[in-house]
Peer 1: 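I'd like to ask you about the structure that follows.
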Amino acid sequence: MSQENTSKQYVVDTRPLALVLLSRLNRPLRLLLGLGLFALVYSMETPEGLSEEGRKAMAVFALCLTWWVLNVLPLMITSLMAIALIPLTGIMPAEQAYSLFGNSAVFFIMGAFILAACLMKSGLSTRLGLLFLQRFGHSPRSLLCAVFLMNAFMAFWMSEHAVAAMNFPIIMEIVMVLKLRQRRSSYAKALFLALAWGSTIGGVATLLGGGRAPLALGILEQYEGTNPFTFLDWTLRALPVVVIMLGVGWLVITRFFPIDQDSVADAETALAEKVAKLGAISRDEKAIGAVMLGTVATWVLAGHDLGLANVAIGAIVLLFVFKLVKWRDVEEYVNWGIILMYGGAICLGAALNDSGAATWMAQRTLGLMADSPTSAVAALSASSWLLTEAISNSAVVALMMPMGLGMADTIGLVPATIAPLIAIPAGLAFAFPIGTPANAIAYSSGFLRLRDIILPGAIMGATGWVVFNLTVRFYWTWAGYIHL
Amino acid sequence: MNASSAHLKLELAMRGLRLEQGLEAAELAAAGTEPGGDNLVELLLPGDLVASCQVDKGGDGGSRHRLTVENDRFLLRTGDDSTPVPVSVVGRPEFYAKTTSAGTKMNRLGLLHGDFLAIDPASACSFAGKSKPCVLCPARRNRGATRRKPWPLEEVLEVIRAAFDEGAVEFIYFRTGHYHDDDGGFALLEPYVKAVKQHFDTLVAIQVSPPSDAGWVDRAYAAGVDAVNYPLFTFDEKSQARACADRCTQVTREQTQAALERAARVFPRGTVWSDLMVGLEEPTSTIEGIDLLVSLGVLPVLSLHRPSDLASLAAHPLTDPDDVVPVYAHLYKAAREARLNLQWLRDLGQAVTPLEARFFAGDDAKLDVAVSSFYRSRLGGRAARSLSRFRRRLRVKQVSDSFDSSQL
């Protein structure tokens with residue numbers, strides 16, 4: 001019987017029983033904590049300067065935030081609950097609350113997921129990845145570099161965690177073929193970190209690398225009534241951070257995990273076999289590639305006029321018109337739960353903003369730390385980065401955006417600048433497996449110990465924060481993206 | 001009285017007993033269908049010690065222990081002049097005479113030992129008779145034979161149900177011969193264990209070969225196993241090679257040690273044990289084995305090796321029980337010093353548990369005996385089963401749950 005089918009299915013927690021019991025009681029306690037905070041805020045006297053709807057919105061926010069951060073329920077279920085609670089508590093009418101789900105950002109991210117699903121299902125993304133590695137991975141150093149850059153580049157166009165999941169089997173095969181030893185081989189550790197960190201860094205470059213940016217833009221759109229960012233606008237703000245962090249990432253990986261492998265000839269052979277097995281590129285792959293290129297070009301050149309979501313949906317319609325994809329494939333590859341999560345978070349953000357609760361909270365929290373635009377940038381980006389190391393980066397955006405928008409006017413920042421100030425650092429999670437799925441996927445290989453990730457990851461995260469702030473201070477001000 | 005019971009158990013294990021005229025071994029034998037089992041009688045000695053004894057048919061020149069009946073009471077006499085010891089015979093339960101719905105006699109599937117039902121679904125062993133006869137297996141499973149098809153699950157459940165209906169058993173003991181696979185034989189037992197846990201409120205123990213993949217230890221616990229036995233047999237590997245060359249090449253001591261170490265972390269303290277056979281190696285070597293096992297958190301259980309045929313006697317001469325008393329005394333002291341729970345293991349007719357070994361160390365171990373007695377009671381049994389379920393629910397996680405909770 002194979003090991004995969006048998007011995008890996010169960011894990012027995014061998015910690016002292018009292019500790020196990022405590023950790024099992026943890027969930028009911030977390031559940032009660034959220035409910036308790038909700039009851040406390042809901043029943044308290046309305047503070048001066050806050051409307052009754054604002055107090056109720058804060059109560060719902062406290063409940064959702066606690067459950068999002070403490071992972072009590074799946075993120076999307078908490079979000080759905082938020083949509084239901086907003087009309088139930090009288091914050092806004094049901095029609096208005098549910099209509100917020102129809103935000104164009106939700107449909108943009110759904111479109112991006114479906115396009116990524118087509119790339120994966122057709123095998124085009126795997127083919128491109130393999131060809132890239134085969135072309136550049138002739139020595140241990142060049143193969144490592146190829147893995148790092150390939151993952152980063154692919155995460156420009158697909159969700160970073162889809163990239164990590166898709167390329168994980170390739171990296172696993174390479175380390176198996178090279179007979180690298182679990183937890184011992186420095187080169188194996190470097191390869192898996194290159195997979196995780198490459199995806200993570202690349203994921204902040206465009207609006208397609210994950211749900212953070214579209215979610216931030218969705219909340220911004222509800223607040224401002226318009227979305228001032230084009231596809232290119234966002235990328236131009238993020239790209240310098242990405243380029244510098246790729247350099248920093250390479251240095252950190254190779255310093256912490258020196259290459260202890262003399263040859264990758266066996267891996268080259270295995271990659272060549274895999275490429276040969278794929279055969280010639282199919283008509284469908286070519287067609288999907290063409291649609292994808294056309295979509296990206298339209299996003300860049302005419303996204304603002306046509307609407308990012310509209311372009312995405314148009315591309316999907318084209319794929320179905322030409323029978324390049326089946327609905328069953330889309331169902332299988334798209335993370336529908338995350339789309340629900342975004343809808344709920346946008347709705348909650350709107351409730352907080354419309355009721356004035358966001359401004360009220362921001363003045364009493366972030367506002368105390370930031371009395372100038374420069375300190376506000378530092379506080380917002382630091383909060384985003386630190387939170388994203390511990391909780392889902394979408395939850396970070398859902399939490400931080402309403403508060404950031406609430407304090408924008410007070411400290412003299414244009415509200416639109418809040419979105420990248422929060423969403424970009426929210427993508428820079430390097431230090432823990434729980435910070436981002438890409439880290440979790442790499443850690444699940446069994447080749448990395450926790451301590452292999454924590455210290456270098458913390459250095460990466462801190463450096464990322466510094467690089468981001470320097471980028472804002474010098475490049476954004478120079479380009480006129482922000483006035484500090 | 002009790003001290004002599006423990007000595008008596010060793011004596012009986014080594015020298016067997018004769019039956020008074022009129023007593024038939026086949027009628028008394030609880031282990032009626034085990035190979036050689038029609039010649040095996042289980043006695044309950046004073047102090048609740050179960051002793052498994054070979055019936056010696058050598059007449060007056062044979063064993064000096066004799067089972068007699070007086071006034072409907074069984075008495076054990078040693079020599080001619082000694083005071084008879086009142087004993088009980090672990091009798092043949094009624095379900096032995098029944099058949100399963102497929103027509104198989106139930107005692108071909110399950111055998112009563114003390115208060116547990118022993119079931120060996122496949123009755124085969126990978127190294128029995130491959131090179132030369134193996135002396136490690138007391139049941140002498142299908143020596144030289146290929147494995148037969150395991151008993152159907154439904155039939156095994158029928159036997160267990162019949163045994164419980166009769167009130168004959170408290171828990172189930174599954175065992176296999178040696179399997180030279182990653183799982184050590186547990187893959188075969190797993191469906192039986194799960195089904196028993198699903199249909200009966202009982203505890204389950206298993207004896208399998210030490211798995212080479214420690215993941216199988218976790219899997220056994222998750223499936224519902226409450227106690228586990230990975231036999232070490234001997235500490236000295238050369239002695240083991242002489243006893244069973246095939247096993248020695250297939251199961252290393254490191255493998256056994258790793259499996260036991262993991263099991264001691266996964267299972268409750270005092271529910272992981274390992275057989276050591278006294279008489280196959282020097283007593284000092286057995287003592288080293290005891291020390292190794294207790295250092296791992298594992299209870300050693302000592303059985304006396306008794307060759308079943310004269311040919312084996314040359315290689316493994318009979319051990320004098322008196323010579324190994326210090327080994328048994330050390331067994332108790334070492335287990336006590338390691339603070340292992342001694343109460344769970346009981347009713348092993350062919351071996352001496354650490355708690356039973358207290359007699360050789362001259363200790364009453366009153367608290368352990370009291371706790372053990374409590375767990376024998378109806379209330380204690382229920383408490384043990386409830387605790388076992390609760391502990392398993394707390395400790396076992398499915399990997400897929402972890403992925404779900406991480407919301408990848």
Peer 1: Under 4.5 Å heavy-atom distance to chain A, tell me which part of B:Phe390 shows up: side chain, backbone, both or neither.
Peer 2: side chain
Peer 1: Considering residues, nucleotides and ligands other than A:Lys121, do more than 12 of their heavy atoms fall under 6.0 Å from its NZ?
Peer 2: no
Peer 1: For B:Tyr221, enumerate each residue passing the ring pair (Phe, Tyr, Trp, His ring centres under 6.0 Å) test, keeping only those at least two apart in sequence or located in another chain.
Peer 2: B:Phe267
Peer 1: Testing the basics here: between A:Arg24 and B:Arg393, what is the closest heavy-atom pair and its distance to 0.1 Å?
Peer 2: NH1-O, 2.9 Å
Peer 1: Counting only non-hydrogen atoms closer than 4.5 Å, can you tell me which residues of residues 254-265 of chain B sit against chain A?
Peer 2: B:Arg262, B:Arg265
Peer 1: A:Asp452: which residues meet the salt bridge (Lys or Arg N to Asp or Glu O under 4.0 Å) condition with it, sequence neighbours left out?
Peer 2: A:Lys189, A:Arg449
Peer 1: How far apart are the closest heavy atoms of A:Leu17 and B:Leu394, and which atoms are they?
Peer 2: CD1-CD1, 4.3 Å
Peer 1: Between B:Arg395 and A:Arg15, what is the shortest heavy-atom contact and its length?
Peer 2: NH1-O, 2.6 Å
Peer 1: Of the listed residues (A:Asp13, A:Val20, A:Leu21, A:Val12), which shares the most heavy-atom pairs with chain B below a 4.5 Å separation?
Peer 2: A:Val12
Peer 1: Who passes side-chain hydrogen bond (donor to acceptor under 3.5 Å, both in side chains) against A:Ser394, sequence neighbours left out?
Peer 2: A:Tyr342
